[in-house]
Amino acid sequence: NKENESVILLFFTYFVSKMDASDNCIVFSDVNRKCWSFTTKGMHAVGQAEIVILLQCLPDEKCIPKDIFNHYIQLYQDALAGNVVGELGHSFFTQTFLGSREHGGFLYVTATFQSLQDLVLPNAPYLFAILIQKWETPWAKVFPIRLMLRLGAEYR
(Lines give C-alpha, C1' and ligand atoms only; values in the text may rest on other atoms or scores of the structure.)
Protein backbone atom coordinates (compact mmCIF):
# COMPACT_ATOMS: atom_id res chain seq x y z
CA ASN A 1 0.00 0.00 0.00
CA LYS A 2 1.58 3.28 -1.14
CA GLU A 3 0.00 5.20 1.74
CA ASN A 4 2.02 3.13 4.23
CA GLU A 5 5.29 3.87 2.42
CA SER A 6 5.08 7.64 2.76
CA VAL A 7 6.92 9.91 5.15
CA ILE A 8 4.62 12.57 6.55
CA LEU A 9 6.07 15.93 7.59
CA LEU A 10 4.04 18.53 9.50
CA PHE A 11 4.42 22.23 8.75
CA PHE A 12 2.50 24.73 10.84
CA THR A 13 -0.72 23.37 12.32
CA TYR A 14 -2.80 22.55 9.24
CA PHE A 15 -0.25 21.85 6.54
CA VAL A 16 1.34 18.47 5.86
CA SER A 17 3.65 17.20 3.13
CA LYS A 18 3.97 13.56 2.16
CA MET A 19 7.05 12.15 0.51
CA ASP A 20 7.16 8.70 -1.04
CA ALA A 21 9.78 6.76 0.89
CA SER A 22 9.93 3.39 -0.84
CA ASP A 23 13.63 2.98 -1.57
CA ASN A 24 13.91 6.80 -1.37
CA CYS A 25 12.46 7.16 -4.87
CA ILE A 26 9.62 5.66 -6.88
CA VAL A 27 10.15 4.16 -10.32
CA PHE A 28 7.75 4.98 -13.13
CA SER A 29 7.77 1.92 -15.35
CA ASP A 30 6.48 3.72 -18.44
CA VAL A 31 9.56 5.97 -18.54
CA ASN A 32 11.89 3.84 -16.37
CA ARG A 33 13.02 6.76 -14.22
CA LYS A 34 13.31 7.12 -10.48
CA CYS A 35 11.52 10.17 -9.12
CA TRP A 36 10.91 11.86 -5.81
CA SER A 37 7.20 12.30 -5.19
CA PHE A 38 6.01 15.13 -2.90
CA THR A 39 2.37 15.86 -2.07
CA THR A 40 0.74 18.44 0.17
CA LYS A 41 -2.25 17.95 2.44
CA GLY A 42 -3.93 20.91 4.08
CA MET A 43 -3.51 23.61 1.45
CA HIS A 44 -7.30 23.51 0.93
CA ALA A 45 -7.66 25.09 4.39
CA VAL A 46 -6.14 28.31 3.02
CA GLY A 47 -7.91 28.22 -0.34
CA GLN A 48 -4.99 26.73 -2.27
CA ALA A 49 -5.24 23.57 -4.39
CA GLU A 50 -2.99 20.79 -3.12
CA ILE A 51 0.38 20.61 -4.90
CA VAL A 52 2.14 17.53 -6.27
CA ILE A 53 5.80 17.73 -7.26
CA LEU A 54 7.66 14.93 -9.05
CA LEU A 55 11.41 15.34 -9.46
CA GLN A 56 13.71 12.95 -11.22
CA CYS A 57 16.28 11.51 -8.83
CA LEU A 58 19.89 12.29 -9.63
CA PRO A 59 22.24 9.31 -9.96
CA ASP A 60 23.27 8.09 -6.49
CA GLU A 61 21.12 10.77 -4.82
CA LYS A 62 20.38 9.78 -1.24
CA CYS A 63 19.30 13.01 0.46
CA ILE A 64 15.82 14.45 0.18
CA PRO A 65 15.81 17.70 -1.85
CA LYS A 66 14.86 19.97 1.05
CA ASP A 67 14.25 23.04 -1.12
CA ILE A 68 10.86 21.54 -2.00
CA PHE A 69 9.69 21.93 1.60
CA ASN A 70 10.81 25.56 1.73
CA HIS A 71 8.86 26.16 -1.45
CA TYR A 72 5.75 24.48 0.00
CA ILE A 73 6.02 26.72 3.07
CA GLN A 74 6.26 29.79 0.83
CA LEU A 75 3.17 28.70 -1.14
CA TYR A 76 1.29 28.17 2.12
CA GLN A 77 2.27 31.61 3.44
CA ASP A 78 1.31 33.21 0.12
CA ALA A 79 -2.08 31.47 0.24
CA LEU A 80 -2.61 32.73 3.81
CA ALA A 81 -2.06 36.23 2.43
CA GLY A 82 -4.66 35.59 -0.30
CA ASN A 83 -2.25 34.86 -3.16
CA VAL A 84 -3.17 31.40 -4.39
CA VAL A 85 -1.76 29.61 -7.43
CA GLY A 86 -4.22 28.24 -9.98
CA GLU A 87 -3.97 26.23 -13.18
CA LEU A 88 -1.31 27.68 -15.50
CA GLY A 89 -0.18 29.86 -12.60
CA HIS A 90 3.46 30.17 -11.63
CA SER A 91 5.79 30.78 -8.74
CA PHE A 92 9.36 31.95 -9.18
CA PHE A 93 12.51 31.46 -7.14
CA THR A 94 14.45 34.42 -5.80
CA GLN A 95 17.48 32.36 -4.80
CA THR A 96 19.30 29.15 -5.65
CA PHE A 97 16.94 26.17 -5.89
CA LEU A 98 18.13 22.55 -5.80
CA GLY A 99 21.71 23.80 -5.95
CA SER A 100 21.26 25.67 -9.23
CA ARG A 101 20.59 29.27 -10.20
CA GLU A 102 19.25 28.02 -13.55
CA HIS A 103 15.96 26.81 -12.02
CA GLY A 104 13.45 29.61 -12.41
CA GLY A 105 10.32 28.34 -10.68
CA PHE A 106 7.26 26.20 -11.21
CA LEU A 107 4.40 26.22 -13.70
CA TYR A 108 1.23 24.64 -12.25
CA VAL A 109 -1.01 22.41 -14.34
CA THR A 110 -3.78 19.87 -13.83
CA ALA A 111 -3.35 16.26 -14.92
CA THR A 112 -4.71 15.40 -18.34
CA PHE A 113 -4.04 11.99 -19.87
CA GLN A 114 -0.88 11.04 -17.98
CA SER A 115 -0.88 7.84 -15.99
CA LEU A 116 -1.23 8.58 -12.28
CA GLN A 117 -0.87 4.95 -11.30
CA ASP A 118 1.42 4.33 -8.28
CA LEU A 119 1.26 7.98 -7.18
CA VAL A 120 0.03 9.01 -3.76
CA LEU A 121 -2.36 11.81 -4.65
CA PRO A 122 -4.10 14.34 -2.41
CA ASN A 123 -7.81 15.02 -2.38
CA ALA A 124 -8.95 17.06 -5.38
CA PRO A 125 -8.46 19.75 -6.45
CA TYR A 126 -4.72 19.44 -6.91
CA LEU A 127 -2.09 20.78 -9.28
CA PHE A 128 1.17 19.37 -10.58
CA ALA A 129 4.18 21.65 -10.40
CA ILE A 130 6.49 21.59 -13.42
CA LEU A 131 10.02 22.81 -12.73
CA ILE A 132 10.98 25.45 -15.28
CA GLN A 133 14.30 27.04 -16.10
CA LYS A 134 15.10 30.71 -15.56
CA TRP A 135 14.91 31.49 -19.30
CA GLU A 136 11.36 30.03 -19.40
CA THR A 137 9.97 32.33 -16.69
CA PRO A 138 8.93 35.14 -19.10
CA TRP A 139 6.94 32.56 -21.07
CA ALA A 140 5.28 31.34 -17.86
CA LYS A 141 4.20 34.91 -17.11
CA VAL A 142 2.93 35.91 -20.55
CA PHE A 143 2.09 32.69 -22.44
CA PRO A 144 1.82 29.81 -19.93
CA ILE A 145 -0.23 27.59 -22.27
CA ARG A 146 2.38 28.00 -24.99
CA LEU A 147 5.13 27.03 -22.55
CA MET A 148 3.17 23.98 -21.41
CA LEU A 149 2.58 22.87 -25.02
CA ARG A 150 6.26 23.33 -25.87
CA LEU A 151 7.32 21.32 -22.85
CA GLY A 152 4.83 18.60 -23.77
CA ALA A 153 6.17 18.39 -27.33
CA GLU A 154 9.79 18.39 -26.11
CA TYR A 155 9.35 15.64 -23.51
CA ARG A 156 6.76 13.47 -25.28
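For clarity, every value in this text was computed on a predicted model and none was experimentally measured. Sequence positions, counted from 1, serve as the residue numbers for this chain.
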Non-hydrogen atoms of Thr39 and Pro122 that approach each other most closely: CG2-CD, 3.2 Å
Those residues that, when tested against Tyr126, pass ring pair (Phe, Tyr, Trp, His ring centres under 6.0 Å) (two or more places apart): Phe128
Worked check of side-chain contact (heavy atoms from CB on, under 4.5 Å) between Ile68 and Phe97: CA-CA 9 Å; Ile68 297 301; Phe97 188 78; 3.7 Å; yes
Pair Asp78, Gln74: side-chain N/O donor-acceptor within cut-off below 3.5 Å: yes
Nearest heavy atoms of Gly99 and Asp67, plus distance in Å: N-OD2, 4.1 Å
Which residues share a ring pair (Phe, Tyr, Trp, His ring centres under 6.0 Å) with His71, sequence neighbours left out: Phe93, Phe106
Which residues share a side chain to side chain donor-acceptor pair (under 3.5 Å) with Asn83, sequence neighbours left out: none
Set of side chain to side chain contact (heavy atoms under 4.5 Å, CB included) partners for Pro144, sequence neighbours left out: Leu88, Leu107
Minimal non-hydrogen separation, Glu50 against His44, with atom names: OE2-N, 3.3 Å
Where at least one partner belongs to residues 135-145, residue pairs that pass salt bridge (Lys or Arg N to Asp or Glu O under 4.0 Å), sequence neighbours excluded: Glu136-Arg150
Shortest non-hydrogen separation from Pro65 to Leu55 and the atoms involved: CG-CD1, 4.4 Å
Note, Tyr72 side chain near Ile53 side chain (heavy atom, < 4.5 Å): yes
Pairing residues for Thr137 by the side chain to side chain donor-acceptor pair (under 3.5 Å) criterion, not counting sequence neighbours: none
Partners passing side chain to side chain contact (heavy atoms under 4.5 Å, CB included) against Thr96 (at least two apart in sequence or in another chain): Arg101
Pairing residues for Val85 by the side chain to side chain contact (heavy atoms under 4.5 Å, CB included) criterion, not counting sequence neighbours: Gln48, Leu75, Tyr108
Heavy-atom closest pair, residues Tyr76 and Gly42: CE1-O, 4.3 Å
Non-neighbouring partners of Ser100 that pass side chain to side chain donor-acceptor pair (under 3.5 Å), sequence neighbours left out: none
Candidate list Val120, Ile64, Ile51, test side-chain contact (heavy atoms from CB on, under 4.5 Å), partner Phe38, passing option: Ile64
For His103, side chain to side chain donor-acceptor pair (under 3.5 Å) partners two or more places apart: Gln133
